[in-house]
Amino acid sequence: MKKMILLAVAFVSFAALTSCSNEDENASLLGKWEYLKQGTVTDGQEVLTDYIPQTGCSKNYSMITSTTIMDHTFNGSDCFEDISNQPYTREGNVLTVTGENNIYTFEIKTLNSNTLKIYLTYIDSETSSQVFVFKRIN
């Protein structure tokens, strides 16, 4: 569950950012985004792995509106759907997401018509970040 919250927050952060070096002028954060890859960035080097959904379940995805990120995750043997909503704000390429007990700040690295990539850097580490990659599905 904690991992999914981080993924959702990452997604929201990415959605809220509009200006970044790999951004398509016409690309929008709004819409439905499927989790594609996840990983880390250490000293500028990304290490990504494919996002693997729960066996037999639908792929997790996020819906981004102008004010909220709604994460849909599927878990357990019955593929129970858990839906969480987090409000977010965006200023430039920085997305601030308010989670259940925390505030997360993400940096949008790539935003185009098909791909969203965001970084979550922890306050106590300037050299290590989590990276999340999404693909647009509508």
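The shown structure was predicted, so the numbers you read here are calculated from the model rather than taken from an experiment.
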Problem - Pairing residues for N101 by the side chain to side chain donor-acceptor pair (under 3.5 Å) criterion, not counting sequence neighbours - result: none

Problem - Flag side-chain contact, heavy atom, 4.5 Å: Y35 against P53 - result: no

Exercise for the section: Give a yes-or-no answer on whether the side chains of Q86 and S84 include a donor-acceptor pair shorter than 3.5 Å. Expected result: yes

Problem - Reported CD-to-OG1 distance for the pair E81 and T73, which is rounded to 0.5 angstrom - result: 7.5 Å

Practice task
Look up atom CZ in F80 and atom CG in N75, then write down how far apart they are to the nearest 0.5 Å.
Solution key: 9.0 Å

Handout entry: Considering all heavy atoms, the nearest Y88-V97 contact
Key = CB-CG2, 4.0 Å

Exercise for the section: Give the ring-plane orientation class for H72 versus Y61, where under 30° counts as parallel, over 60° as perpendicular and anything between as tilted. Expected result: parallel

Practice task
Taking the side chain as every heavy atom from C-beta outward, state whether V133 and Q38 have any atom pair closer than 4.5 Å.
Solution key: no

Fill in the blank from the handout: Nearest heavy-atom contact between S28 and L111 is O-CD1, 4.0 Å

Exercise for the section: Give, for atom OG1 of T89 and atom CD1 of I103, the distance between the pair rounded to the nearest 0.5 Å. Expected result: 9.0 Å

Problem - Value rounded to 0.5 Å, distance of CZ in F74 from CG in D82 - result: 10.0 Å

Fill in the blank from the handout: Those residues at least two apart in sequence (or on a different chain) that pass side-chain contact (heavy atoms from CB on, under 4.5 Å) with C79 are C57

Fill in the blank from the handout: So salt bridge (Lys or Arg N to Asp or Glu O under 4.0 Å) across residues 49-65, not counting sequence neighbours, yields E34-K59, K37-D50

Problem - Contact summary for V131 and Y119, nearest pair of heavy atoms - result: CG2-CE1, 3.3 Å

Handout entry: Residues in salt bridge (charged side-chain N to carboxylate O under 4.0 Å, His left out) contact with E46, at least two apart in sequence or another chain
Key = K117

Fill in the blank from the handout: Of all heavy-atom pairs linking T96 and T105, the shortest is OG1-OG1, 4.3 Å

Problem - Non-hydrogen side-chain atoms of L120 and Y104 separated by less than 4.5 Å - result: yes

Exercise for the section: For R136 and S113, indicate whether the former's side chain and the latter's backbone hold a donor-acceptor pair under 3.5 Å. Expected result: yes

Exercise for the section: With sequence neighbours left out, write down each residue that passes side-chain contact (heavy atoms from CB on, under 4.5 Å) with T40, or none if nothing qualifies. Expected result: T42, V47

